[in-house]
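Step one of this worksheet: look at the structure below.
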Amino acid sequence: MAAGGGGSGDPLAPAGVPCAFSPHSQAYFALASTDGHLRVWETANNRLHQEYVPSAHLSGTCTCLAWAPARLQAKESPQRKKRKSEAVGTSNQTDLLALGTAVGSILLYSTVKGELHSKLVSGGHDNRVNCIQWHQDSGCLYSCSDDKHIVEWNVQACKVKCKWKGDNSSVSSLCISPDGKMLLSAGRTIKLWVLETKEVYRHFTGHATPVSSLMFTTIRPPNESQPFDGITGLYFLSGAVHDRLLNVWQVRSENKEKSAVMSFTVTDEPVYIDLTLSENKEEPVKLAVVCRDGQVHLFEHILNGYCKKPLTSNCTIQIATPGKGKKSTPKPIPILAAGFCSDKMSLLLVYGSWFQPTIERVALNSREPHMCLVRDISNCWAPKVETAITKVRTPVMNSEAKVLVPGIPGHHAAIKPAPPQTEQVESKRKSGGNEVSIEERLGAMEIDARKKGKDDLQTNSFPVLLTQGLESNDFEMLNKVLQTRNVNLIKKTVVRMPLHTVIPLLQELTKRLQGHPNSAVLMVQWLKCVLTVHASYLSTLPDLVPQLGTLYQLMESRVKTFQKLSHLHGKLILLITQVTASEKTKGATSPGQKAKLVYEEESSEEESDDEIADKDSEDNWDEDEEESESEKDEDIDEEEDEDAEGKDEENGEDRDIASEKELNGDSDLDPENESEEE
Amino acid sequence: MVEEENIRVVRCGGSELNFRRAVFSADSKYIFCVSGDFVKVYSTVTEECVHILHGHRNLVTGIQLNPNNHLQLYSCSLDGTIKLWDYIDGILIKTFIVGCKLHALFTVAQAEDSVFAIVNKEKPDIFQLVSVKLPKSSSQEVEAKELSFVLDYINQSPKCIAFGNEGVYVAAVREFYLSVYFFKKKTTSRFTLSSSRNKKHAKNNFTCVACHPTEDCIASGHMDGKIRLWRNFYDDKKYTYTCLHWHHDMVMDLAFSVTGTSLLSGGRESVLVEWRDATEKNKEFLPRLGATIEHISVSPAGDLFCTSHSDNKIIIIHRNLEASAVIQGLVKDRSIFTGLMIDPRTKALVLNGKPGHLQFYSLQSDKQLYNLDIIQQEYINDYGLIQIELTKAAFGCFGNWLATVEQRQEKETELELQMKLWMYNKKTQGFILNTKINMPHEDCITALCFCNAEKSEQPTLVTASKDGYFKVWILTDDSDIYKKAVGWTCDFVGSYHKYQATNCCFSEDGSLLAVSFEEIVTIWDSVTWELKCTFCQRAGKIRHLCFGRLTCSKYLLGATENGILCCWNLLSCALEWNAKLNVRVMEPDPNSENIAAISQSSVGSDLFVFKPSEPRPLYIQKGISREEVQWGVFVPRDVPESFTSEAYQWLNRSQFYFLTKSQSLLTFSTKSPEEKLTPTSKQLLAEESLPTTPFYFILGKHRQHQDEKLNETLENELVQLPLTENIPAVSELLHTPAHVLPSAAFLCSMFVNSLLLSKETKSAKEIPEDVDMEEEKESEDSDEENDFIEKVQDTNNTGLGEDIIHQLSKSEEKELRKFRKIDYSWIAAL
């Protein structure tokens with residue numbers, strides 16, 4: 001785990017704030033912010049795990065930090081026969097965190113206990129600590145400082161084990177070799193030390209500014225035929241302050257090659273570097289470099305020798321806010337740190353502010369050269385104390401969510417236009433016959449319109465309003481008509497309305513029925529009238545079932561509990577109204593309605609059929625209905641008792657009438673649809 | 001690398017924490033709680049588990065701090081032993097073998113060499129409070145058979161026993177009476193609640209009892225929510241009691257604060273009530289603690305309280321009634337309806353959590369991540385209320401969609417059902433409700449599944465219900481001129497002869513949907529929703545249904561209630577094979593062809609791992625659990641393991657977790673226990689060494705000023721103010737593990753002598769020196785208490801108990817001689 005250096009007034013100090021992911025599963029992210037607070041975040045749920053303020057946080061701010069290697073804790077006990085199970089604990093618990101400060105002391109903080117564990121002071125540094133590295137096996141700690149020294153600490157005893165001068169200027173970075181026997185240190189030049197004898201083994205030169213990060217990238221040499229002495233052939237990586245190049249070096253057996261093997265180029269000074277170690281020759285090294293400008297550059301490269309040209313990144317990740325509205329432009333959100341997850345296929349990104357960073361796991365897609373993630377972190381500023389304790393997250397439930405209740409389209413599968421036979425018929429009709437020219441059609445329509453206009457003036461304005469409202473979809477106009485409570489007016493309007501508006505009206509009514517139940521009561525009156533008056537017309541429509549499917553489902557769901565009663569009631573009402581209507585229509589003259597377009601078929605048989613249907617439609621209907629009704633008479637007889645009860649209720653309870661009516665209206669549809677479906 | 005031992009079942013994920021009262025350490029830094037066979041030590045600051053004390057062979061039933069040494073902890077268990085632990089290092093010091101099942105443990109500071117325990121001897125339901133004399137012996141295992149009987153016919157729960165007023169009396173409650181036993185007089189007074197005689201169903205049973213730490217006052221909690229404070233109970237006739245009534249339901253636990261000025265009570269209301277000065281009007285509340293308060297405990301330092309809750313959590317509360325930390329295990333309050341799922345995004349285990357919530361549990365870190373509030377209604381915790389239950393949940397499209405079903409059924413006919421579809425919003429990193437469907441079906445939803453095929457362009461969800469239909473929901477574009485939106489609509493409704501739909505699942509590529517209708521399996525084409533074929537074996541209702549994966553994708557598996565496992569070939573539309581297996585859980589591995597089935601028999605549950613294409617199972621393990629296994633799930637591994645042995649290959653890419661009826665989460669481990677038990681030498685044990693604090697400097701300066709008046713020449717010595725770690729004598733003495741130090745009596749005299757011999761000590765410094773001496777003595781006291789441990793260690797080494805001092809002092813004497821030689825000039829600086 002690399003840790004960036006601390007930011008201070010020194011122009012040659014590395015940019016960024018010291019931070020690090022905990023080793024192994026990266027469960028925690030420790031961050032020492034410039035206000036002197038150490039905060040440890042849980043990466044999995046982005047929760048502040050603990051906060052620690054060193055007692056000297058103002059004078060000696062934290063300059064670097066490093067997690068100790070995982071403490072192996074014995075938590076599992078042997079299986080017993082009696083209870084067939086045992087506890088499996090977190091087998092490797094990370095605990096200690098070493099903090100280097102600007103005054104030269106090193107603090108060991110226990111994240112398990114949440115308190116300072118020990119302080120390494122005596123005999124150590126007397127200037128700013130630049131880098132801390134834990135030795136992976138022994139309990140040793142290495143630190144380097146502006147006082148030009150490298151110190152080896154015995155952590156068990158909290159004592160200095162060894163202290164030696166590492167460079168002529170300040171030593172800025174350290175790294176321990178994979179086998180634990182060598183140490184890389186860097187000031188202006190990079191030196192490789194043998195840990196046992198504390199002697200310089202190799203020198204590497206190339207950076208002009210202090211080296212801010214050092215890391216070994218391979219643990220096996222590329223050439224596996226040669227015997228491996230633990231260090232020769234390994235590659236390591238270095239990044240320096242104000243340097244947009246990351247150099248890769250190879251430890252060669254002969255001491256001649258001192259310059260970098262290859263380099264990676266990034267857009268700004270590297271702040272945080274993480275990489276996946278390549279374990280064999282074929283596996284590429286994956287490198288994530290967080291730059292000062294807040295971008296992450298990902299490299300994937302198989303290290304195999306010298307390369308002159310600096311490599312550019314395979315993928316760049318940026319994060320930006322969503323620009324709300326047109327005026328505000330998206331603002332970039334700086335990425336603070338990035339660490340590879342243990343599966344090497346995803347990356348943990350830490351972004352936002354130092355005080356409230358957001359940690360997210362992002363799956364890597366190597367094919368995309370540029371990833372821009374849009375993240376809204378505005379709500380992150382809200383205090384999170386409550387959630388930190390209760391651990392409850394509330395998902396957003398806003399009014400924009402779609403709500404489906406029974407009867408609304410989408411709640412049930414839409415009734416699809418039934419069999420393809422009708423389509424064939426339609427297509428036959430379309431193809432057959434010569435087409436009327438548009439001129440002729442327009443002419444016919446104009447005449448119609450004039451004639452109609454004269455008629456309309458004399459009649460009640462409601463049908464006109466309704467027609468116009470339906471055609472223009474004018475909400476107010478429709479409201480004016482549909483919100484009437486006068487049953488007679490409704491009836492008259494429905495009788496006088498032109499046939500072609502029946503289906504639009506029904507659709508409008510369906511839409512309104514889905515709304516508030518109070519308004520639905522009015523709509524039911526309309527629906528009832530439309531269905532009783534125009535039943536004959538509706539029954540002629542070939543695509544009635546899909547057209548009125550939603551209405552049918554709506555009614556079905558609303559009257560589910562009263563199905564039987566309402567069926568019976570509906571049938572009776574239909575019967576009675578049909579009988580009375582047929583008596584009335586004999587006396588009253590229905591308004592003459594002329595078809596907009598009359599099309600004459602060539603074959604005489606069909607024509608005659610159509611004519612007959614037009615003329616005798618009403619009579620036919622009545623007969624049909626009567627027939628069907630006579631069939632159902634038996635049912636009625638059976639259910640007469642129930643009916644009587646229902647009527648009693650109706651008389652008794654005025655308030656229920658509305659709902660009863662609604663039921664009646666609904667039930668009107670049932671026999672219709674039944675007959676149509678047949 | 002991986003040593004291939006036998007595959008063993010291991011417990012994982014927060015076992016029960018709320019079984020008994022938690023106990024605080026003396027400095028409130030740690031909290032102890034019993035957890036199955038273990039005692040867990042948590043840090044009160046970071047909520048992290050510091051140690052797990054294991055050694056008991058059965059359920060641990062009680063823990064108490066050693067009143068004579070606050071760095072030690074007693075625990076008792078059903079295995080009939082009392083164990084003494086050093087909790088700082090997590091070491092077992094001593095085991096006392098009592099021999100009978102111990103149900104609770106109490107310690108009293110005044111009774112130095114004995115502890116109290118609840119045992120049942122003869123009949124299974126008669127419990128006794130006995131005093132167990134702990135013999136002073138040097139061996140690690142001591143028999144402690146000397147039991148003296150204190151009280152008979154008591155309640156099993158430790159909440160019904162309390163020791164009061166420095167151990168002068170013990171109060172026990174059961175049913176309608178309170179008995180107080182006075183140790184000195186050896187008499188028992190019994191107080192019966194008057195109302196209980198006449199009314200048969202009186203609700204004022206005693207539920208718990210607590211004693212005031214300093215006064216003669218007993219508080220008792222009752223079934224009807226009242227708290228009675230008993231006073232003057234020395235006299236059988238003149239006793240008085242006062243009533244405190246706020247709880248409307250049973251008082252679950254009571255605790256007095258350390259000073260006794262306030263009384264804490266809690267119950268099902270999930271509200272912690274603090275009664276100040278034991279008066280009814282001075283109440284303080286801490287509401288909304290989330291679940292029934294089962295136990296309350298108070299830290300000896302008095303700065304912290306903690307409440308254990310029925311949903312397996314411990315809340316640590318500050319003295320000013322502010323919750324400061326939550327130690328949360330896997331929530332176990334209620335039954336699991338949703339089953340086990342894996343969130344593809346966080347890789348966390350998802351299941352029912354708090355009421356109305358889904359809990360996300362990280363298996364890697366063995367910690368709860370968070371609870372996702374699905375129902376979003378205030379939960380009223382009361383007996384007999386019918387709550388909205390979260391019954392089903394499913395993740396779809398790589399974690400981008402979450403479907404949840406909630407249901408509330410008051411009566412047979414009054415079913416309330418709601419399905420919510422949540423979309424993961426990447427911008428805000430959270431779920432947002434997209435579509436809410438009221439009554440998606442007429443009856444309970446039995447199964448819910450997303451089509452998780454990679455190439456599917458349109459998210460598809462299928463719900464199967466008892467009403468005989470299954471519905472296919474698809475995501476459609478709902479955009480209009482005002483907004484861009486997507487929403488779910490029903491695309492298809494299918495049924496089969498009005499049979500109840502019991503299960504549904506998509507094939508791996510999403511091209512086929514299998515829906516089981518009671519005994520019949522129907523296969524539907526997912527493009528046209530046409531019924532392709534049906535399978536019927538007439539072997540009982542289908543309980544589980546799943547498609548084979550990868551190379552076995554042509555197979556469909558169904559497990560029936562009559563104990564038949566069928567495998568159909570989808571190409572030939574014929575039964576490939578069937579087996580007689582009473583399958584409780586059947587789970588396909590998402591990363592391989594393997595399918596795990598857990599069968600239930602009268603003896604226990606057995607695991608079978610098989611490939612549908614092969615007749616012989618890959619792996620069989622009998623008796624994985626004695627209880628019924630309810631749910632199971634395969635969890636993909638982050639880093640694949642590399643088992644070469646054929647029997648373990650099924651564990652290479654995924655790990656199998658399962659949940660039993662008592663809601664313990666178990667898994668399979670191949671690592672040998674020895675491998676996981678790393679010796680302590682390997683652990684990174686850094687010495688705790690803290691330099692002087694600012695307070696020390698202030699104090700030091702203050703003393704220095706005093707000194708200045710006496711002797712100004714010593715002024716500059718403050719600069720050399722010694723750090724404790726620099727003085728070998730002190731650090732050696734204080735930092736040497738207690739068990740290697742010689743007898744404190746021996747050590748003390750030598751140590752003090754060595755201090756007195758210091759040459760540079762001046763008589764003028766004697767006053768500050770005394771102060772230090774006292775401090776030292778204090779630390780020695782604690783060492784003294786460790787006395788017998790050392791003996792134990794020594795006898796182990798030598799086998800001779802007599803000449804302990806001479807035996808061991810060879811090395812120790814050297815050290816002590818060193819002490820003498822060391823320069824104690826630093827004392828002069830004080």
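Chain identifiers are assigned alphabetically (A, B, ...) following the order of the sequence lines, protein sequences preceding nucleic acid strands; residue numbering begins at 1 within each chain.
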(request) Below 4.5 Å from any heavy atom of chain A, which atoms of B/Lys426 appear? Answer side chain, backbone, both or neither. (result) both

(request) Sort A/His412 into side chain, backbone, both or neither according to what part of it lies under 4.5 angstrom from a heavy atom of chain B. (result) both

(message) Counting heavy-atom pairs under 4.5 Å with chain A, which one of B/Tyr42, B/Phe360, B/Tyr469, B/Trp488 comes out on top?
(response) B/Trp488

(message) Testing the basics here: between A/Ile106 and A/Leu141, what is the closest heavy-atom pair and its distance to 0.1 Å?
(response) CG2-CD2, 4.1 Å

(request) Look at A/Ser346, A/Cys341, A/Ser342 and state which one has the largest set of heavy-atom pairs under 4.5 Å with chain B. (result) A/Ser342

(request) Select one option (side chain, backbone, both, neither) describing which atoms of B/Trp473 are under 4.5 Å from chain A's heavy atoms. (result) side chain

(message) Can you tell me which portion of B/Gln368 sits under 4.5 Å from chain A's heavy atoms? Options are side chain, backbone, both or neither.
(response) both

(request) Go through B/Asp373, B/Leu433, B/Thr46 and name the one with the most non-hydrogen pairs under 4.5 angstrom from chain A. (result) B/Thr46

(message) Applying the side chain to side chain contact (heavy atoms under 4.5 Å, CB included) criterion to B/Gln418, which one of B/Ile375, B/Asn438, B/Thr404, B/Ile437 satisfies it?
(response) B/Asn438

(message) Both conditions, 6.0 Å and 45 degrees, for the charged tip of A/Arg47 above the ring of B/Tyr370: are they met here?
(response) no

(message) I'd like to know if the side chain of B/Glu48 pairs up with that of B/Ser43 as donor and acceptor (distance under 3.5 Å, no hydrogens or angles considered).
(response) no

(request) Select one option (side chain, backbone, both, neither) describing which atoms of B/Val493 are under 4.5 Å from chain A's heavy atoms. (result) both

(message) Among A/Gln356, A/Glu51, A/Gln50, A/His49, which residue satisfies the side chain to side chain donor-acceptor pair (under 3.5 Å) criterion with A/Arg39?
(response) A/Glu51

(request) With a 4.5 Å cut-off on heavy-atom pairs, point out which of B/Ile474, B/Val45, B/Asp638 contacts chain A the most. (result) B/Asp638

(message) For B/Phe431, is the CZ atom crowded, meaning more than 12 foreign heavy atoms sit under 6.0 Å from it?
(response) yes

(message) With chain A as the partner, which of B/Gln429, B/Lys420, B/Lys471 has the greatest number of non-hydrogen pairs under 4.5 Å?
(response) B/Gln429

(message) Looking at every non-hydrogen atom in both residues, tell me the closest pair between B/Lys313 and B/Gly290 and how far apart they are.
(response) NZ-CA, 3.9 Å

(message) Under 4.5 Å from any heavy atom of chain A, what part of B/Asp478 do you find: side chain, backbone, both or neither?
(response) side chain

(message) Is the distance from the ring center of B/Phe668 to that of B/Phe658 below 6.0 Å?
(response) yes

